[in-house]
Amino acid sequence: MEDSATILRLQVLIELEDDVIQISVAPEEQVPDEELRLVLKVEYPAEYPDVIPNLSIVASEGEMSVEEEETLMKKIKASAEESIGMAQTFSVVTTLIEGIAEVVADRIKQKQAAKAKKEADEEEAERRRTQGTPVTPESFNAWRLKFNKERQAKKKAQDEEKMREMTNKEKEEFKKYASRLTGRQLFERNRDLATSDDTLAEEGAESVDISKYNREEAADEEEEERLHFSDSD
């Protein structure tokens, strides 16, 4: 067992028996919110100091993970083995104090790293939100196909709603009007727009004011023209 002078130098003795001592161990300076104090239990076998004592640690203030406990136990056992044949307790306690300080420092580093990563992730998310998704020819074509499909479905539903209130004659005229070629299609087929427009009307057909049913047509064509030219650019 350790001599009394060594025990007094530790100044952390909390219990002393014939062959067992328990020592309260903590860093010289505790870090706020990271306080950690351990109780080191040392059991001296009859062969001591030619063999190392039985060592164990438990947290009396703060918490200690399994990994941290394993790391500290390896350190203090290695320290004891280096001092076989001599008094070992003081060396073990000194090593444990340094080990606790390292554990606390590692905790602080991990918290700082986690905080830095969180801030970086938030900055990246904000950058992506403000910049949006880069547009490629492939992504634009996919969007355009989806947009046209949705627009056509919407127009079909609107046309069906309009036709519910029409007479049979108006429905026939409306269907002819809806199936007509667009201005661009007419231009591509025949640059003589006036002549092409005349071919759309049947002689002797009853005049029907389709505009009151189709106020959205001009806007749809304008949007289609804009998408076409934007894509060609």
Side-chain angles (χ1 to χ4, degrees), residues 1-136 138-139 142-143:
M1 186 175 172
E2 301 291 319
D3 58 57
S4 57
T6 300
I7 297 297
L8 290 175
R9 286 176 64 194
L10 294 174
Q11 296 182 350
V12 286
L13 183 66
I14 61 173
E15 186 176 337
L16 175 63
E17 298 178 3
D18 290 341
D19 297 318
V20 180
I21 61 171
Q22 296 188 75
I23 306 169
S24 178
V25 184
E28 294 181 1
E29 295 183 4
Q30 291 276 31
V31 178
D33 300 325
E34 290 294 346
E35 292 84 356
L36 181 60
R37 180 178 293 275
L38 305 181
V39 173
L40 168 66
K41 184 176 182 180
V42 185
E43 299 180 65
Y44 299 98
E47 299 83 2
Y48 181 82
D50 295 327
V51 297
I52 67 172
N54 297 321
L55 304 170
S56 62
I57 53 177
V58 62
S60 61
E61 182 179 350
E63 297 181 353
M64 176 176 55
S65 70
V66 174
E67 293 77 13
E68 290 170 344
E69 180 180 357
E70 291 175 351
T71 298
L72 292 174
M73 285 299 300
K74 288 180 181 179
K75 289 179 180 293
I76 61 177
K77 284 182 178 180
S79 176
E81 289 173 352
E82 290 175 357
S83 302
I84 286 179
M86 301 179 291
Q88 301 167 23
T89 306
F90 185 80
S91 176
V92 168
V93 171
T94 301
T95 299
L96 184 56
I97 292 174
E98 294 173 352
I100 296 173
E102 292 174 359
V103 165
V104 172
D106 287 341
R107 289 180 180 179
I108 295 173
K109 287 181 180 179
Q110 291 175 8
K111 286 185 176 181
Q112 292 174 340
K115 181 180 179 182
K117 183 179 184 303
K118 180 180 178 182
E119 292 175 349
D121 290 344
E122 290 175 350
E123 290 177 0
E124 178 64 15
E126 179 64 16
R127 184 187 66 80
R128 290 182 179 179
R129 186 187 67 81
T130 54
Q131 289 186 353
T133 304
V135 178
T136 64
E138 292 78 11
S139 65
W143 171 85

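None of these values were measured; they are calculated from a predicted model.
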Would you check if [X] and [Y] make a side-chain contact, meaning some heavy-atom pair closer than 4.5 Å?
{"X": "Thr89", "Y": "Tyr44", "result": "yes"}
{"X": "Val93", "Y": "Leu40", "result": "yes"}
{"X": "Val42", "Y": "Val92", "result": "no"}
{"X": "Arg107", "Y": "Leu36", "result": "yes"}

Residues Met64, Val103; criterion side-chain contact (heavy atoms from CB on, under 4.5 Å); working and verdict:
CA-CA 9 Å; Met64 176 176 55; Val103 165; over 6 Å; no
Practice task
Start with the C-alpha distance between Lys74 and Glu70, add both sets of side-chain angles, then the distance that settles salt bridge (charged side-chain N to carboxylate O under 4.0 Å, His left out), and finish with yes or no.
Solution key: CA-CA 6 Å; Lys74 288 180 181 179; Glu70 291 175 351; 5.9 Å; no
For residues 49-65, the salt bridge (Lys or Arg N to Asp or Glu O under 4.0 Å) pairs (sequence neighbours left out) are Arg37-Glu61
Inset, instruction - Evaluate whether atom CD of Glu29 has more than 12 neighbouring non-hydrogen atoms of other residues, nucleotides or ligands under 6.0 angstrom away. - result: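 Open: at most 12 neighbouring heavy atoms sit under 6.0 Å from CD of Glu29.
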Here the pair of heavy atoms bringing Pro45 nearest to Val51 is CG-CG2, 3.6 Å
Item to check | For the student: nearest non-hydrogen atoms of Leu38 and Ile57, plus distance | outcome: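 Scanning both residues, the minimum pair turns out to be CD1-CD1, 4.2 Å.
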To the nearest 0.5 Å, atom CZ of Phe90 lies from atom OG1 of Thr95 at 10.0 Å
>> If you apply the rule side-chain contact (heavy atoms from CB on, under 4.5 Å), what do you find for Lys75 with Glu98, and how did you get there?
In response: CA-CA 10 Å; Lys75 289 179 180 293; Glu98 294 173 352; over 6 Å; no
Discussion item. Check this for me: does any side-chain nitrogen of one of Arg127 and Glu123 sit under 4.0 Å from a carboxylate oxygen of the other?
Written reply: no
Ion pair Lys111/Glu34, N-O distance below 4.0 Å
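Yes, Lys111 and Glu34 are salt-bridged.
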Backbone of [Y] reached by a side-chain donor or acceptor of [X] within 3.5 Å:
{"X": "Thr130", "Y": "Glu126", "answer": "yes"}
{"X": "Gln88", "Y": "Ser79", "answer": "no"}
{"X": "Ser65", "Y": "Glu68", "answer": "yes"}

